[in-house]
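Report on the structure given below.
Source: prediction; values computed, not measured. Letters A, B, ... mirror the listed sequences (proteins, then strands); counts begin at 1.
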There are 2 protein chains.
Amino acid sequence: MSTKVKKVGKQTIKLENPPKIISTYSIVGPKEGQGPLKDYFHQIISDDTLGKDSFEKAESEMMYTAIKSAISSAGLTEEKIDYLFAGDLLNQIISSGFAARELNIPFIGLYGACSTMSESLSMASLFLDGGFANYVVASTSSHFSSAERQFRFPLEYGSQRCPTCQWTVTGSGAMVLGKTGNYPEVTYVTTGLVKDYGEKDTNNMGAAMAPAAVDTIYNHFKDTGRTPKDYDVIATGDLGKVGKDITTKLLLEYGYDVKDNYVDCGDMIFNDEEQKTDAGGSGCGCSAVVTCGYFYKKLMKKEIKSLLLVSTGALMSTTSSLQGESIPGIAHAVAIEFK
Amino acid sequence: MSTKVKKVGKQTIKLENPPKIISTYSIVGPKEGQGPLKDYFHQIISDDTLGKDSFEKAESEMMYTAIKSAISSAGLTEEKIDYLFAGDLLNQIISSGFAARELNIPFIGLYGACSTMSESLSMASLFLDGGFANYVVASTSSHFSSAERQFRFPLEYGSQRCPTCQWTVTGSGAMVLGKTGNYPEVTYVTTGLVKDYGEKDTNNMGAAMAPAAVDTIYNHFKDTGRTPKDYDVIATGDLGKVGKDITTKLLLEYGYDVKDNYVDCGDMIFNDEEQKTDAGGSGCGCSAVVTCGYFYKKLMKKEIKSLLLVSTGALMSTTSSLQGESIPGIAHAVAIEFK
């Protein structure tokens, strides 16, 4: 066996045969459909239950729709897809498992909390580069109402929100990756370490996840020899306003000034003041729909030529928090370029 | 980009550069340590809390111990490991996330319920074959007491068990894969489809998962042109007695007679009558410790020269079951050979 490994540095793979993102699909709820990015989503639903009898079933249906629509928009059929990588926030990733049940595609379930878009995109990219597939789908989803009742309180309680709270995005994104064609391509994959700086406040996920984002972005630059200037946009997953500020400051301490081209998907998706979303959007679906909708369309028009997507996840559960544990974070970075 | 893909058939990859399983570690609870395989486990703990103040923390500690021990038994250090693939049964895979927090290894979280050992082993193998790593760790865990209270009832209720019930294994297994040396190697990876034949009884997981096991084994044979005779042992994950019977019968209907060399890890780990484990063992840890302990030691001694490991997972949650959903199953197959 060849001893050559495609890694650059400790955490990054440089893709020898950069896979192409040949299509995407984003589906969002009514609230997201009223936000600043409304013109970029492929589908805005008017009823966030989608006619199903539970929010969980509605979330799974959204993911199924995103996957099926991304496949058909690529001009493909299910039979052509070699692997589906998907995960979500719900216990035992039921949104993904039940969506996969309706699809005749070998399924690899992931859990990376809100880092799942870049986690699934990383896996899909490496599977293509490794020669294991012709077409792979990466997907994730979240739903405000299924997340609230699982992680916080039943909606009926009408619990008060705090200024650092984020609003879980109702939405799902799916991408189809292939080997050929004139499409944005994945050039680098940087896989994250779990970072925990002791934050225990589950109403301040941005602060909990920021150190992981900083660590992954820092190591991406270190591994690749790149700098912030090499990207038109650096986008973290769903740190919201609080986490975004922390990330900007910490990266500057590490010698990387990102203030000119750094955005956060959670900070972009809502008009927080008008829409009362406090510190911004969150959830696996957040970076998924912003990337599959907004960024992909910008890339296709070459209004953006390079994007470093860094979805961020908080790896706690209600059980770990009740047992007094702090919140471990993780972030995976994927470089997408179209030149 | 080359259009050559390493797939044989729809679901199977033939590894061009078969990765080697260079070390394993299995750690089990006291009950597993009294079962028929007790002499094969690397470590039997006498206190299933490991001195921690919760079962969940104990489970995570078991996984951490398995991973650290597998790495050191391979003569390696954490810094040499390129990726950790891990997942478990707990909500938001906290056993894995918190174990990964203590390890300086890029972490890719998986969820495949009790199929996680073969899912993580599949990913680890493909990452090596794809040229993305020199060393990768695959791991999973489960704990009787954390699983009971999450999926069923608080232990304090003393709920009655039924004859089709299985007993979640307390244990964790970890494998280190590398590229060289005289070790058992991974030759084929068959990734499963989600199968759901409408079983809703969460006290009969074996029946729910059996169709997925049958589908994956059938497609493994179809894709590779192999037959049951090509393996010394075919081992499903944790179907227990009920699921094993169904699998044997269904495979015969498909034309594959496996009665001579088919075993189930859930059926092997306990002496069900004496240990009152009803239909057998289950949980992610079940196929993990049986493979990392029993099978790996048999392979190293060449008492077994070829194993088809087919860990099986049930992809439901308590929420999906309470909402009236049936139980989707999945199974991934990995061929391990040492000739």
Side-chain angles (χ1 to χ4, degrees), chain A residues 1-7 10-11 13 17 53-54 56-57 82-83 87 89-94 96-98 100-101 103-113 119 122-123 126-127 129-134 150 179-180 191-196 315-320 323 325 328 330, chain B residues 1-7 10-11 13 17 53-54 56-57 82-83 87 89-94 96-98 100-101 103-113 119 122-123 126-127 129-134 150 179-180 191-196 315-320 323 325 328 330:
Chain A
M1 183 184 288
S2 148
T3 51
K4 186 168 163 280
V5 165
K6 297 165 187 170
K7 281 188 114 176
K10 170 79 179 164
Q11 292 173 235
I13 301 285
N17 308 297
D53 59 9
S54 77
E56 291 76 15
K57 290 180 187 177
D82 294 298
Y83 294 97
L89 280 175
L90 296 185
N91 299 344
Q92 290 74 51
I93 63 164
I94 51 171
S96 307
F98 282 86
R101 185 179 67 174
L103 296 160
N104 197 36
I105 306 172
F107 171 58
I108 296 164
L110 301 175
Y111 188 79
E119 185 185 7
S122 295
M123 292 298 102
L126 296 176
F127 260 52
D129 190 68
F132 306 129
N134 287 308
Q150 178 179 281
K179 291 165 146 189
T180 53
T191 303
L193 301 170
V194 178
K195 291 285 159 183
D196 187 337
L315 299 176
M316 91 299 163
S317 74
T318 53
T319 302
S320 67
Q323 291 180 2
E325 272 290 3
I330 194 159
Chain B
M1 182 184 286
S2 148
T3 52
K4 186 169 163 279
V5 165
K6 297 167 188 170
K7 281 187 111 174
K10 171 79 179 166
Q11 293 174 236
I13 302 285
N17 309 297
D53 59 9
S54 77
E56 291 76 14
K57 291 180 185 175
D82 294 298
Y83 294 97
L89 280 175
L90 295 185
N91 299 344
Q92 290 75 52
I93 61 163
I94 51 171
S96 307
F98 283 86
R101 185 178 68 174
L103 296 160
N104 196 35
I105 306 173
F107 171 58
I108 296 165
L110 301 175
Y111 188 79
E119 186 186 6
S122 295
M123 292 298 102
L126 295 176
F127 261 50
D129 189 68
F132 305 128
N134 288 309
Q150 178 180 280
K179 291 166 144 188
T180 52
T191 303
L193 301 170
V194 178
K195 291 285 158 183
D196 187 339
L315 298 175
M316 90 299 162
S317 75
T318 53
T319 302
S320 68
Q323 291 180 3
E325 272 290 3
I330 194 159

Nearest atoms (heavy-atom pairs only) where B/Gln11 meets B/Leu193: OE1-CD1, 3.7 Å
For the student: nearest non-hydrogen atoms of A/Val194 and A/Pro328, plus distance: CG1-CB, 3.5 Å
Top of [options] for chain B proximity - count of heavy-atom pairs under 4.5 angstrom:
options	value
A/Gln323, A/Lys7, A/Gln92, A/Lys10	A/Gln92
A/Ser320, A/Gly131, A/Gly97, A/Ser122	A/Gly131
A/Gly192, A/Gly112, A/Gly87, A/Gly109	A/Gly109
A/Thr319, A/Asp53, A/Leu110	A/Leu110
A/Thr318, A/Ile108, A/Ile330	A/Ile108

Heavy-atom donor-acceptor pair, B/Lys6 side chain to A/Gly130 backbone, under 3.5 Å: yes
Backbone of A/Asn91 reached by a side-chain donor or acceptor of B/Asn91 within 3.5 Å: no
Top of B/Leu103, B/Asn104, B/Leu126 for chain A proximity - count of heavy-atom pairs under 4.5 angstrom: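 Sorted descending by pairs with chain A, the first entry is B/Leu126.
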Heavy-atom pairs under 4.5 Å with chain A, option from B/Glu119, B/Glu56, B/Arg101 with the top count: B/Arg101
Heavy-atom check, side chain of B/Glu325 versus side chain of A/Lys57, under 4.5 Å: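 When only atoms from C-beta onward are counted, A/Lys57 and B/Glu325 do touch, with a gap below 4.5 Å.
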Interatomic distance, B/Ile105 atom CD1 to A/Thr191 atom OG1 [nearest 0.5 angstrom]: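 Answer for the CD1-OG1 pair, B/Ile105 versus A/Thr191, is 12.5 Å.
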Atom group of B/Ala100 that falls short of 4.5 Å from chain A, counting heavy atoms: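 For B/Ala100, heavy atoms of backbone and side chain both lie under 4.5 Å from chain A.
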